[in-house]
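A quick write-up on the structure given underneath.
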Amino acid sequence: MRLTHLPLTTLKEVPADAEIISHQLMLRAGLVRRLSSGLFTWMPLGLRVLRKVERIVREEMDRAGALEILMPAVQPAELWQETGRWDVYGDLLLRIRDRHDRDYCFAPTAEEVVTEVARRELRSYRQLPVNYYQINTKFRDEIRPRFGVMRAREFVMKDAYSFHLDQASLEATYDAMAEAYSRIFTRLGLRFRKVDAHGGEIGGSRSQEFHVLAESGEDRIAWCEGDSFAANVEMAPAAPPAIPRPAGTQALTRVPTPGVRSIDDVTAFLKVGASQCLKTLVVEGSDGGLVALLLRGDHELNPLKAERAPGVARPLKLASPERVLAATGAPVGAIGPVNLPLPMVADHSALVLADFVCGANAADAHLTGVNWERDLPLPRAADLRNVETGDPSPGGGGALTIARGIEVGHIFQLGDKYSQSMHAVVLDQDGKERVMTMGCYGIGVSRIVGAAIEQNHDGNGILWPEPMSPFDVILIEINPKKSDPVTAAAGALYKDLQAAGFDVLFDDRDARPGVKFADADLVGIPHRLVVGERGVREGKAEYRHRTSGNEEQVGLTDVLDFLRARRELPRQG
RNA sequence: CGGGGUGUAGCUCAGCUUGGUAGAGCGCUUGCUUCGGGAGCAAGAGGUCGCAGGUUCGAAUCCUGUCACCCCGACCA
């Protein structure tokens, strides 16, 4: 592709409403343009990237035995009413009405439609298992679209749905999908982790997420290098401390703490570490009352774990300050477990504190030197907190590492939630109807593009992993109008590269070199070839690798072999 | 849905307080000079100042309404 035939508009300035780097770079490099909130047009360069991702996804799905289909993006309400999700899905579902006043929605997902397909097509257990997939546009009417294509309302998703006679077959396909996903993200050249995940309301027994590792990720994931443990932090169990509680040495003392509310206030005012404090969070209870949750001061409450604690209401809801005051006589921030008239559940690590600091259940006062069993009885223990870096792995292989991730894939064992309510059955060996059991497997195709940039960029622009770069090579001619030999050499090289099967972007614009270099860096094509007068005189082109910055002179006749040798192999693991 | 903010040229923004009929930088067009990391000079094109009312001799500016977008939170997973 010649740049004189591709109206590429790059931006020097950062668009005002782009918050994160991938969004900024995608706009600056001309990959996408925003049409409206959460809606993007994929421009030529961006679409090439999207297509490369799709191709790899498609190849690996096919290899894993999945069958590609294409389902309507607009779906009738009747199907959604069959499973009850028409009412449950809420405002995330974009509802549409046609000229006959019939209700439809724009698909946010396709369990209903694919189950309808399966119950019509599949009659016999002999046909199973079947794994249908599609790559299609989805729409979710997000409350707050943000981060460009990473949380858009309209997006491209690969969604697959498998149908089985029994759990063993489901597990086999689930494992095959997990393997296919690992291959996909490996081939894309991304650093990623597969982690145990929370299935959420979608139901089912087992679920794992695939995360691209990036600082800007919205999720936190924990894993251990020494064993196979890996989980979303929201799902990672924290082991009870191995060491016993030390003996108390201090006397229980009530100290005035005017204006002190938060743990930060306490540590600053009393000059103690947060890990020496105990914090008390009051939440709504399942019986309409309140429940106090006790955590070490430096620990973070895990909402999913808290919801499973005895007596805690679902969904988890912090009690209002008024309710807390009414129930305890003390304001939020001064609550502590000593003589607290509420049921209490303590995190394991809070129970090995000694001589700790906590609220005194009175405004502007705290207690120091508090000790379990001397000053107050031990409450019920539970795992309530988020794991932290350095916590022991549940797998026993050593310490946990925690990093941020962007969720780009999610696989579920669904069970019969949809097949049951939609009566998707086949006849088994005995001629008896059996409800099929299902799995579903999603990949955020358009999100991958943003995630890849989050993970791979520098101060000058994008650093595409080779497999998803819009072009393999960018060829720049320097001052072509001034030098016929340069024009001739660059033109010939362009033809040769194309003939050799390289995707080449040829910057043949009549622009200054600096402009071309800056655009090349911004767009992020991995291999750059420069043909200029001083090189051509010696029969050479200048090669530069975008990511490493390494430069070399290459003979014009050696370029093809040189580049072939430099194509990256897929990253391992 | 609650709170905050912004709508002025393709992009980033100034002008608004104190009304007098619209600007800068980048980008775009043309010419000349330049030319190996986002050139210089000159001349241009481009805006019903989000939209609709109102006040006023006169509104980008003041008032009312409305729409769109952004941020924080809640919600969702």
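The figures that follow rest on heavy atoms only: side chains count, while hydrogens, waters and symmetry mates do not. Chain letters run A, B, ... following the sequence lines, proteins first, then strands; residues in each count from 1.
- Rounded to an integer number of Å, the gap from CE of A/Met43 to P of B/rC11 is 13 Å.
- Between the CG atom of A/Asn479 and the P atom of B/rU33 there is a distance of 15 Å, given to the nearest Å.
- Base pairing of B/rA60 is not made with any nucleotide, judged by Watson-Crick or G-U wobble geometry with both donor-acceptor distances under 3.5 Å.
- The distance between the ring centers of A/Phe210 and A/His410 does not fall below 6.0 angstrom.
- Residues A/Arg546 and A/Asn460 are in side-chain contact: their nearest non-hydrogen atoms beyond the backbone lie under 4.5 Å apart.
- Both A/Asp219 and A/Ile478 lie near RNA chain B, and the one whose nearest nucleotide falls closer to the 5' end is A/Ile478.
- A/Glu477 has its CD atom 18 Å from the P atom of B/rC35, to the nearest Å.
- When each of A/Tyr89, A/Tyr418, A/Trp86, A/Tyr104 is paired with A/Trp80, the ring pair (Phe, Tyr, Trp, His ring centres under 6.0 Å) condition holds for A/Tyr89 and for no other.
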Going 5' to 3' through nucleotides 37-43 of chain B, assign each nucleotide B (protein heavy atom under 4.0 Å from a base atom), S (under 4.0 Å only from sugar-phosphate atoms) or - (no protein heavy atom that close).
-> BBB----
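- A donor atom on one side chain and an acceptor atom on the other are found under 3.5 Å apart for A/Glu209 and A/Asn232.
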Can you list, pair by pair, the side-chain donor-acceptor contacts under 3.5 Å of residues 13-33 of chain A, counting residues two or more places apart and other chains?
from    : atom 1 : to       : atom 2 : distance (Å)
A/Ser22 : OG     : A/Glu454 : OE2    : 2.7
A/His23 : ND1    : A/Gly148 : N      : 3.4
A/Gln24 : NE2    : A/Ala18  : O      : 3.0
A/Gln24 : NE2    : A/Glu19  : O      : 3.4
A/Arg28 : NE     : A/Leu11  : O      : 2.8
A/Arg33 : NH1    : A/Leu27  : O      : 2.7
A/Arg33 : NH2    : A/Thr9   : O      : 2.8

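- Going from atom CZ of A/Arg33 over to atom C1' of B/rC11 covers 9 Å, rounded to whole Å.
- Rounded to whole Å, atom P of B/rA77 lies 15 Å from atom CZ of A/Arg447.
- Here, B/rU12 and B/rU6 have their C1' atoms 14 Å apart, quoted to the whole Å.
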Any N/O pairs under 3.5 Å between the protein and nucleotides 69-71 of chain B? List them or say none.
from   : atom 1 : to       : atom 2 : distance (Å)
B/rC69 : OP1    : A/Ser36  : OG     : 3.4
B/rC69 : O3'    : A/Arg34  : NH1    : 3.4
B/rC71 : OP1    : A/Glu19  : OE1    : 2.6
B/rC71 : OP2    : A/Arg144 : NH1    : 3.4

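- For the P atoms, the distance linking B/rA9 with B/rA22 amounts to 15 Å, nearest Å.
- If you check B/rC32 for Watson-Crick or wobble pairing at under 3.5 angstrom, you find it paired to B/rG40.
- In this structure, the ring of A/Tyr161 has its center no less than 6.0 angstrom from the ring center of A/Tyr132.
- Separating the CG atom of A/Leu39 from the C1' atom of B/rA68 is a distance of 13 Å, rounded to the nearest angstrom.
- Between the P atoms of B/rU8 and B/rG50, the separation comes to 6 Å (whole Å).
- With respect to A/Glu552 and A/Arg566, a salt bridge is recorded, a charged nitrogen being found less than 4.0 Å from a carboxylate O.
- Following rounding to the nearest Å, A/Arg534 (CZ) and B/rC35 (P) show an atom-to-atom distance of 13 Å.
- The partner of B/rA68 is B/rU6, by the rule that a Watson-Crick or G-U pair needs both atom distances under 3.5 Å.
- Atom name P, nucleotides B/rG53 and B/rG10: the rounded distance is 24 Å, in whole Å.
- Rounded to a whole angstrom, the distance from the P atom of B/rA52 to that of B/rA59 is 14 Å.
- Rounded to whole Å, the distance from NZ on A/Lys482 to P on B/rC35 is 6 Å.
- A distance of 6.0 Å or more separates the ring centres of A/Tyr441 and A/Phe412.
- Exactly one residue among A/Asp298, A/Asn302, A/Asp391 makes a side chain to side chain donor-acceptor pair (under 3.5 Å) with A/Arg385. That residue is A/Asp391.
- Distance check on atom P: B/rU17 versus B/rC62 gives 5 Å, rounded to whole Å.
- At least one side-chain heavy atom of A/Leu290 sits less than 4.5 Å from a side-chain heavy atom of A/Arg323.
- When the P atom is used for both B/rG46 and B/rA14, the distance is 25 Å, rounded to whole Å.
- Between the side chain of A/Glu533 and the base of B/rG36, no donor-acceptor pair under 3.5 Å is found.
- Rounded to a whole angstrom, the distance from the C1' atom of B/rC35 to that of B/rG44 is 24 Å.
- Nucleotide B/rA24: paired with B/rU12 (Watson-Crick or G-U wobble, both distances less than 3.5 Å).
- Across every non-hydrogen atom of A/Asn386 and A/Leu301, the tightest pair is ND2-O, 3.8 Å.
- B/rG73 and B/rC1 make up a base pair, with Watson-Crick or G-U wobble contacts both under 3.5 Å.
- The residue A/Val14 sits close only to the backbone: its heavy atoms come under 4.0 Å of sugar-phosphate atoms, none of a base.
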